[in-house]
Amino acid sequence: MVYILVETKQYNLAIFASGTGSNTKKIIEFFEASSFITIALIVSNKPEAGVLDIARANSISTLILEKERFFKGDAYEPVLKEFGIDFLVLAGFLWKIPAHLIHIYPTAIINIHPALLPDFGGKGMYGNHVHEAVINAKKDKSGITIHFVDEHYDHGKHIFQATCSVLPTDTPETLANKIHQLEHEHFPRIIEEVVLAKYNLQ
Ligand code: GAR
């Protein structure tokens, strides 16, 4: 009998996150058994961010960004190259991605935003600020947007949206819970679909 050994390339993902990291946790769990996607690096601008505990608990390498080097230096390109990073996922990351990285990773950076863009996006629109704004605007619907990242805040091409209802009794906290549920349900699967499509793996 002849066996043919097919070597599958591993695509290495870096997750950029500034917060508690509930999305990061779901993404790590989703790809744990993947034969072609590895979560190779967790990147944060906050040394005390909860997401770094999640990285350590899963034995994933971490990188803490310094503002000066990220925005005015090499944007950590050599470090990302050293880890063989192919694709960047922003999961609650609050800094803008420098143009340098956007050029190095064309259509290989995606972000999740906790509202239905183009509404309630832009600088300063993150986490509970978004949910407060949605409630103050008396919207009866909110949701999530997963999109490619370009040089403007919350602006790149949309990949996926899902909606949930906003009730008159909702608070920013209850709305945040609904949004997190949507994010956890869809984000890992959409990341997989985008990576499969980008590298013609399906
Ligand atoms: C998520 O809801 C994400 O959509 C939001 O931060 C939260 C991070 O939650 N991102 C933004 O607001 C970006 N503008 P997590 O730390 O539990 O994953």
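The chain is numbered in sequence order, starting from 1. Order of appearance sets the numbers: ligands from 1, and atoms from 1 within every ligand.
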* Would you call V194 and F148 a side-chain contact if the rule is heavy atoms closer than 4.5 Å? -> yes
* Asked: N/O to N/O below 3.5 Å, does that happen between N23 and ligand 1?
  -> yes
* Just say parallel, tilted or perpendicular for the rings of F16 and F70, cut-offs at 30° and 60°. => tilted
* Asked: Heavy-atom contact under 4.0 Å between T20 and ligand 1?
  -> yes
* To do: Distance to 0.1 Å, residue and atom name: give those for the protein heavy atom nearest to atom 3 (C) of ligand 1.
  => E183 OE2, 3.4 Å
* Asked: What atoms in ligand 1 come closer than 4.0 Å to a heavy atom of S22?
  -> 15 (P), 16 (O), 17 (O), 18 (O)
* Any side-chain heavy-atom pair from I110 and F187 closer than 4.5 angstrom? -> yes
* Which residue and heavy atom of the protein sit nearest atom 11 (C) of ligand 1, plus the separation -> P114 CD, 3.6 Å
* Structure fact -> Counting from 1 in the order shown, the ligand 1 atoms closer than 4.0 Å to a non-hydrogen atom of M125 are 14 (N)
* Below 6.0 angstrom between ring centroids: does that apply to F71 and W95? -> yes
* To do: List the closest protein heavy-atom neighbour of atom 9 (O) of ligand 1: residue, atom name, distance to the nearest 0.1 Å.
  => H180 NE2, 3.1 Å
* Could you list which atoms of ligand 1 come closer than 4.0 Å to a heavy atom of I112? => 4 (O), 10 (N)
* **Axial cation check for F30 ring with K26, 6.0 Å and 45° limits** => no
* Looking only at protein heavy atoms, which one is nearest to atom 12 (O) of ligand 1, and how far off is it? -> G127 N, 3.0 Å
* Candidate with minimal heavy-atom separation from atom 10 (N) of ligand 1, of G122, A115, A176, G92 -> G92
* **Which residue and heavy atom of the protein sit nearest atom 16 (O) of ligand 1, plus the separation** => G21 N, 2.7 Å
* Identify the heavy atoms of L201 and V195 that sit nearest to each other, and give their distance. => CD1-O, 4.4 Å
* **NZ/K178: more than 12 non-hydrogen atoms of other groups inside 6.0 Å** => yes
* For the atom pair CD (Q10) and CD1 (I37), what is the distance rounded to the nearest 0.5 Å? -> 9.0 Å
